[in-house]
Amino acid sequence: GATGLIPEVGRRKYSESGKQTPEQSESFLNEFELRLLNMFGLRRRPTPSKQAVVPQYMVDLYRMHSANGDHSTKRPKSMGKHADRAASKANTIRSFHHEESMEALASLKGKTTQQFYFNLTSIPDEELITSAELRIYRDQVMGAAAPNNSSRNSSTAGGFHRINIYEIFGVPATHSGEPLARLLDTRLVQDSLSRWESFDVSPAVSQWTSGKGHNHGFMVEVLHPEEGEMDGEHAQRRSRHVRVSRSLHQDQDSWPQARPLLVTYGHDGRGDSVLHTREKRQ
Amino acid sequence: AALRKQRRKQQHKASCKRHALYVDFSDVGWNEWIVAPPGYHAFYCHGECPFPLADHLNSTNHAIVQTLVNSVNSNIPRACCVPTDLSPISLLYLDEYEKVILKNYQDMVVEGCGCR
């Protein structure tokens, strides 16, 4: 069973039954194997390595959607509303980590930008992507108190920073130039909270997977408005708390579960959505 | 009366119905790539579809007629005991590229059996 989905015992028993010639047996077994693979939407048997990481968010989604799971499981708090709606129409939810070898990190005074590339070629052509979210983890900035009313009223500085998500749709003419990009989503976030942020990147991913646009990746921009006024150590600490790159992440053990995650919601035209199943059963 | 009761019980036992079947993914070696669940209750249908077909056997008009013909001509087989209602399950798994996928698979659990 190491190479295919049919266990070796089953293969041997069928071949030894003597109903067909060995060639016929092999041919029937291979045909059945193909049907099994097709049923799961696989090209070959998966053989994941020990380093394979299952994001906690996907486990949470499974628990939320599983018909056999705990029905009291609610949607993950950090799940965006657009994603919640999308999940109700999707029957396939996929997660992707970015290609770290292709990341480009730049940190200027008061601004950190990171370019990500997610390889989406494993999404089959027949799967229609209805929504996609880019999830970024950010740690609480130690020493950043929750804003009081006065700081809330005072522009963006003092306990807040802004995260902008862009779709890169062109490369610059010169190496020094910035990539051509369009804004997909933006959010003003509070420094004093540790949580995942979900950004709607559906327009870009839908275009890429439908073949209407070329996947050049995303650019994440983190603006720290007040960084220029800080001492060096504090400024460095603030720029590291949005987990967009391994090099900005001090705890290597937790990086696999804290790194950015792209989640796509799609439907391959076969049957109900995951959420409808749960509602139907309930 | 006791004999009749026992015979009726045996006949009822043998008639088409849903039986327990737990599919443990580790039995077929799929636990290496299916993250959750570790297995699931799939159930299966088994039993006779005897003449005359009872109401609870969820038969179709065709199955009733086929059973009737079988009662006079045994060359024609009885109706088959098959799943009449199936439901999907969600699987969380790693594909061949080590991408994590949550997918809903149709017709994985037998909810009801009948003679068709």
Side-chain angles (χ1 to χ4, degrees), chain A residues 1-2 4-10 37 39-49 51-55 57-59 61-69 87 90-97 119-123 261 263-268 270-278 280-281, chain B residues 17-46 56 58 60 77 80-114 116:
Chain A
L5 293 182
I6 304 174
E8 205 48 56
V9 184
L37 288 167
M39 184 185 118
F40 283 108
L42 301 168
R43 291 192 183 99
R44 59 179 186 274
R45 179 199 168 93
T47 49
S49 63
Q51 286 78 43
V53 175
V54 179
Y57 183 60
M58 292 299 281
V59 177
L61 286 178
Y62 166 75
R63 288 193 182 134
M64 178 182 140
H65 291 303
S66 171
N68 301 323
N91 77 345
T92 309
I93 304 175
R94 296 173 188 270
S95 66
F96 300 86
H97 284 134
N119 186 350
L120 305 178
T121 52
S122 61
I123 299 176
L261 187 71
V263 182
T264 65
Y265 298 83
H267 205 293
D268 60 5
R270 298 185 202 176
D272 285 344
S273 68
V274 278
L275 196 64
H276 284 168
T277 307
R278 182 172 174 251
K280 198 170 139 186
R281 281 187 157 247
Chain B
K17 67 172 186 180
R18 191 174 81 149
H19 297 264
L21 166 65
Y22 182 77
V23 176
D24 190 330
F25 291 132
S26 62
D27 287 347
V28 286
W30 293 1
N31 56 326
E32 291 164 15
W33 56 279
I34 297 181
V35 179
Y40 77 105
H41 292 281
F43 302 99
Y44 70 97
C45 298
H46 186 67
H56 69 268
N58 295 322
T60 55
C80 296
C81 177
V82 293
T84 52
D85 185 19
L86 293 141
S87 64
I89 59 162
S90 294
L91 294 181
L92 181 68
Y93 66 94
L94 289 143
D95 71 3
E96 61 269 52
Y97 309 104
E98 291 196 357
K99 306 287 184 206
V100 181
I101 301 171
L102 171 61
K103 196 171 170 74
N104 195 36
Y105 287 96
Q106 294 300 294
D107 302 339
M108 295 286 278
V109 179
V110 175
E111 296 290 341
C113 298
R116 298 289 164 95

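Owing to the predicted nature of the structure, the values given are computational and were not obtained by experimental measurement. Chain A is the first sequence line, chain B the second, and so forth, proteins listed ahead of strands; every chain is numbered from 1.
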| query | Given that the side chain runs from C-beta out, which part of A:T264 has a heavy atom under 4.5 Å from chain B: side chain, backbone, both or neither? | reply | neither
| task | Please state whether the side chain, the backbone, both or neither of A:V59 comes within less than 4.5 Å of a heavy atom of chain B. | result | both
| query | Are any side-chain N or O atoms of B:T84 and backbone N or O atoms of B:G112, one a donor and one an acceptor, separated by less than 3.5 Å? | reply | yes
| message | What verdict does the side-chain hydrogen bond (donor to acceptor under 3.5 Å, both in side chains) test give for A:T47 and B:E32, after you've listed the backbone C-alpha separation in whole Å, the side-chain angles of each residue and the deciding distance to 0.1 Å? | response | CA-CA 7 Å; A:T47 49; B:E32 291 164 15; over 6 Å; no
| field | Pick from B:I101, B:V35, B:L91 with the largest number of heavy-atom pairs that fall under 4.5 Å of chain A | value | B:I101
| request: Scan residues 81-96 of chain B for pairs that pass salt bridge (Lys or Arg N to Asp or Glu O under 4.0 Å), counting only residues two or more places apart or in two chains. | output: none
| note | Residues at least two apart in sequence or cross-chain that pass salt bridge (charged side-chain N to carboxylate O under 4.0 Å, His left out) with B:K103, listed by chain then number, are A:D268
| query | Relative to chain B, which of A:Q51, A:M39, A:R43 shows the most heavy atom pairs under 4.5 Å? | reply | A:R43
